[in-house]
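The structure appears right after this line, and notes come after that.
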Amino acid sequence: MDNTQEIAAGAAIRLGGIAKRYGDVRAVGHVDLTIAPGEVVALLGPNGAGKSTTVDMILGLTTPDEGTVSVFGRTPADAVRAGMIGAMLQGGTLLDDLTVRETVGLVAKLHRRPMPVRDALRRAGVEDIADRRANKLSGGQKQRVRFAVALVSDPDLLVLDEPTAAMDVGSRREFWKSMYSFTDTGRTVLFATHYLEEAEEFADRVVLMRAGEIAADGSVAEVRALAGGRTIRAVLPGGVSEHLVSTLPAVTSFELRGERVALSSSDSDTTLRALLAAVPAVRDIEIGAVGLEGAFLSLTSDETEGAVR
Ligand code: ADP
Ligand code: MG
């Protein structure tokens with residue numbers, strides 16, 4: 001086993017350079033991501049960022065054009081078959097004529113080692129509506145039933161695509177409370193969301209996607225700092241060393257190409273003063289909101305799914 005395989009085997013999810021196009025649209029471009037067992041990760045990004053496409057590739061519902069996906073060292077199909085993955089998808093449907101209990105029971109029968117149906121109903125907070133038919137449920141209740149369906153195989157990994165999309169604030173809180181009982185047992189969760197607050201509150205780690213790529217990956221605090229920052233672009237006549245740029249105050253990341261620099265700063269005023277002092281000949285300075293801004297603007301707006309950047 002070479003090193004890459006070892007890492008893949010130890011990881012809950014490993015994406016190695018995955019890419020997916022739909023015609024002219026690059027839905028996901030070269031994404032590398034490793035998620036360790038026990039991590040609760042938010043895949044955060046505006047509509048059209050490529051979250052669902054990424055999730056679908058992890059679940060084996062879509063095949064990447066390039067790159068590899070492994071889940072607990074297996075192919076997605078194998079991991080799903082082994083009951084290791086529970087999934088809650090955007091726009092997944094329920095069978096109208098079945099009651100909640102029947103729905104969850106049906107899914108339990110598909111798995112080798114399901115948890116008792118009663119437990120799944122309780123954990124998802126749908127015990128009290130267990131005898132209701134799916135066509136009599138509100139949007140938020142349907143989401144919780146989908147959650148029960150995701151839980152019932154007693155999976156090691158839960159993958160949730162915008163799980164709280166149809167819920168009001170109260171149901172959202174209830175939903176995440178039931179999620180805690182799952183993550184408390186050390187299991188792995190990856191959830192896609194376009195709500196920054198939801199990522200902040202419930203994830204240990206935030207992977208921010210924008211235009212099919214990972215724009216930031218880190219703790220909530222790290223990603224927040226990036227989101228609040230600015231970019232500075234400038235020409236540095238004659239060029240400067242990487243060391244000089246990297247030691248400017250408040251710089252969070254930078255790219256240096258010949259005489260051109262583009263950097264992100266958590267405090268652009270301070271960075272700029274230092275840059276002017278260090279390189280008095282600096283010219284063509286442009287300051288802009290960090291590239292994440294587009295993402296975060298959409299995060300706070302109420303666009304419907306399908307609307308693109
Ligand atoms: P998100 O879940 O972050 O909103 P998606 O993964 O659904 O993003 O979509 C990423 C991009 O790929 C969007 O531009 C979307 O329109 C496009 N896309 C997704 N699925 C399809 C598809 N089946 N056919 C064509 N384009 C698609
Ligand atoms: Mg989506």
Side-chain angles (χ1 to χ4, degrees), residues 13 15-33 35 40-69 71 76 80 85-94 139-140 142-144 146-147 149-150 157-167 172 175-176 179 189-200 202-203 205-218 220 223 226-227 290-309:
I13 299 175
L15 308 180
I18 55 166
K20 182 76 188 176
R21 300 191 74 90
Y22 292 106
D24 289 343
V25 178
R26 191 191 65 163
V28 172
H30 204 86
V31 163
D32 286 306
L33 181 67
I35 293 175
V40 178
V41 179
L43 195 57
L44 179 67
N47 289 320
K51 304 183 298 297
S52 293
T53 305
T54 302
V55 161
D56 288 353
M57 289 191 275
I58 292 168
L59 298 173
L61 297 171
T62 303
T63 315
D65 301 332
E66 286 167 36
T68 55
V69 180
V71 180
V80 168
I85 312 181
M88 188 169 154
L89 296 178
Q90 220 173 355
T93 54
L94 298 169
K142 282 186 181 169
Q143 282 298 81
R144 275 188 282 148
R146 290 192 192 109
F147 183 46
V149 164
L157 166 68
L158 263 184
V159 178
L160 313 160
D161 195 358
E162 310 240 3
T164 61
M167 296 183 191
R172 247 176 223 181
F175 175 84
W176 287 109
M179 184 65 68
V189 177
L190 174 69
F191 68 95
T193 183
H194 61 270
Y195 298 113
L196 178 58
E197 320 85 72
E198 201 161 271
E200 285 194 295
F202 303 107
R205 174 178 168 196
V206 178
V207 174
L208 184 73
M209 283 193 81
R210 194 172 51 98
E213 289 180 351
I214 295 180
D217 179 355
V220 171
V223 172
L226 276 176
V290 138
L292 306 177
E293 196 207 27
F296 280 92
L297 277 180
S298 312
L299 296 172
T300 50
S301 80
D302 246 359
E303 286 177 66
T304 49
E305 186 59 23
V308 186
R309 323 176 259 291

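For ligands, and for the atoms within them, numbers begin at 1 and follow the listed sequence.
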Handout entry: Check ion pair D217-R205 (N to O, under 4.0 angstrom)
Key = yes
Completion exercise
Under 4.0 Å from one or more heavy atoms of A49, ligand 1 contributes atoms 1 (P), 3 (O), 8 (O)
Practice task
Decide, counting backbone as well as side-chain atoms, whether N47 has an N, O or S atom less than 2.8 Å from the Mg ion (ligand 2).
Solution key: no
Exercise for the section: Return yes if some donor-acceptor pair links the side-chain N/O of D32 with the main-chain N/O of G17 below 3.5 Å, else return no. Expected result: yes
Exercise for the section: For ligand 1, indicate whether the residue T53 contacts it via side chain, backbone, both or neither (heavy-atom separation under 4.0 Å). Expected result: both
Fill in the blank from the handout: Short version for P46: what comes under 4.0 Å of ligand 1, heavy atoms counted, is backbone
Handout entry: Nearest-0.5 Å distance, CG of residue L94 to CZ of residue R146
Key = 5.0 Å
Fill in the blank from the handout: Quick note on ligand 1: atoms under 4.0 Å from a heavy atom of N47 include exactly 4 (O)
Exercise for the section: May I ask whether G48 has any heavy atom positioned less than 4.0 angstrom from an atom of ligand 1? Expected result: yes
Exercise for the section: Using a strict 4.0 Å threshold on nitrogen-to-oxygen distance, state whether E162 and K51 make a salt bridge. Expected result: yes
Handout entry: Polar atom proximity, V25 to ligand 1 (N or O, under 3.5 Å)
Key = no
Practice task
Have a look at F191 and tell me which of L43, V40, L158 forms a side chain to side chain contact (heavy atoms under 4.5 Å, CB included) with it.
Solution key: V40
Completion exercise
ligand 1 atoms nearer than 4.0 angstrom to some heavy atom of A27 are 10 (C), 11 (C), 12 (O)
Problem - Residues D65 and R21 bridged, charged N to O under 4.0 Å - result: no
